[in-house]
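Before any comments, here is the structure.
Sequence positions, counted from 1, serve as the residue numbers for this chain.
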Amino acid sequence: MNKNSEKIYVTKPILPSKERLQKYIDVIYDSNWLTNFGPLHELLRKRLASYLNVDNITLTANGTLALIVAYKILNVKKVITTPFTFVATISSVLWEGIDLVFADIDKETFCIDVNQVEDLLKKDKTIDTVVAVNVFGNVCDIEGLYFLKEKYGIKLIFDSCHCFNVYYDNKNILSYGDASTISFHATKLFHTIEGGGIVFENPEYHEKAERCINFGLETHYKITELGINAKMNEFEAAMGLALLEEIDFILEQRKKAWEYYYFKLKGVVEFQKRNDKSTNNYSYFPILLSSEEVLLNVLSTLEKYNIFPRRYFYPPLHTLPYIKEHHKPIELNNATDISRRILCLPLYPGIDPAVQDIIIDVIKKEEEHA
């Protein structure tokens, strides 16, 4: 049994050392600057740009606002995206009044099916943007999407919320597309409690975004465009700066836990097929079980040990009531099937291998009896 009866969830928010965080909190108290592009915000922006090898990054209050701002800056009108993602990917689209079309996912990579995207682009000339999700940090078919971008003159946005420190062909994934967004939510491997970021291909868009996330203000007395409040505050930035000092240890610990699962479950369950040109940041450990019945049995058994994996992403978004009322999707068989059988296992720095062994044993037994 899980000896201390501690509840084990799919992830566990990481907190830096109190001493490391306190030195940044002291800066806030000394400056009395809480928000509006304070010194810690600017320091985090510069350090993240350096660490991630990007020219610039616009920091936002959360990852959903990062998507919304990207859509606004790029003047998006109608998008193709995937139903196999967190709801923020589509809620941000619909919230902005943008028309939505779904494409299915590839059954091996879990990323958007580029062939189906092209079929949709051929049929509907009003589609101007593809929002491709790099699911679980696995990079989409970049070459295929760029081919469509050039052929059909579309905009390309990557929802890279799972992709902190992921590289594709020796280039940070955030550098791809007209824009790429990332989440710094507390559940992510790097976080600012809440938070997010956008990297634009066009450097001028960063200047525009800085105004857009601050009510459209160019100066205190000059409003140049429509804006909202989407700024990251100084306390969020303090958390990010403290964690960035520990990021190498965090990544090392995640890799260790990820590989422990992988080598013990190899041949027992199916794994996501990863893009062989991309790196792995070990942000999630998704497995594909043989049936939904097996998945439910695994969940039921593990709950007795106070262990709670999570069904990412279930239900698929095309089945949501507010989608079904307004949108008639094409057949999305892969997303439907994968969502019924996929399970993300608990993964975070410091997870006890004994807990991992319980999870592994339960999965093996249920699959053997299937």
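- At a threshold of 4.0 Å, the pair Lys107-Asp113 does not count as salt-bridged, since none of the basic side-chain nitrogens sits closer than that to a carboxylate oxygen.
- No more than 12 heavy atoms of other residues, nucleotides or ligands shown are found within 6.0 angstrom of NZ on Lys12.
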Decide side-chain hydrogen bond (donor to acceptor under 3.5 Å, both in side chains) for Tyr167 and Asn53; before the verdict, give the C-alpha distance in whole Å, the side-chain angles of both, and the deciding distance to 0.1 Å.
CA-CA 10 Å; Tyr167 284 75; Asn53 291 305; 2.8 Å; yes
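- Side-chain contacts under 4.5 Å among hydrophobic residues (ILVMFWY), followed directly or transitively, place Tyr9 together with Phe308.
- In this view, Ser290 and Glu367 satisfy the side-chain hydrogen bond (donor to acceptor under 3.5 Å, both in side chains) rule, not counting sequence neighbours.
- A cation-pi arrangement, defined by a distance under 6.0 Å to the six-membered ring centre and an angle within 45 degrees of its axis, is absent between Lys188 and Phe164.
- Annotation for Lys23: atom NZ counts as buried by contact number, over 12 foreign heavy atoms lying within 6.0 Å.
- Residue-environment remark: CG (Asp55) stays at or below the threshold of 12 foreign heavy atoms within 6.0 Å.
- At a threshold of 4.5 Å between non-hydrogen side-chain atoms, the residues Trp258 and Tyr284 do not count as touching.
- Under the side-chain hydrogen bond (donor to acceptor under 3.5 Å, both in side chains) criterion, Tyr152 pairs with Glu118, not counting sequence neighbours.
- Between Tyr176 and Phe158, the two ring planes are perpendicular [angle over 60°; tilted spans 30° to 60°].
- Between Phe285 and Phe271, the ring centre distance stays below 6.0 Å.
- The aromatic ring centres of His191 and Phe184 sit 6.0 Å or more apart.
- Here CG of Leu265 is found 10.5 Å from OH of Tyr260. Values are rounded to the nearest 0.5 Å.
- Heavy-atom contacts from other residues, nucleotides or ligands closer than 6.0 Å to NZ of Lys155 number more than 12.
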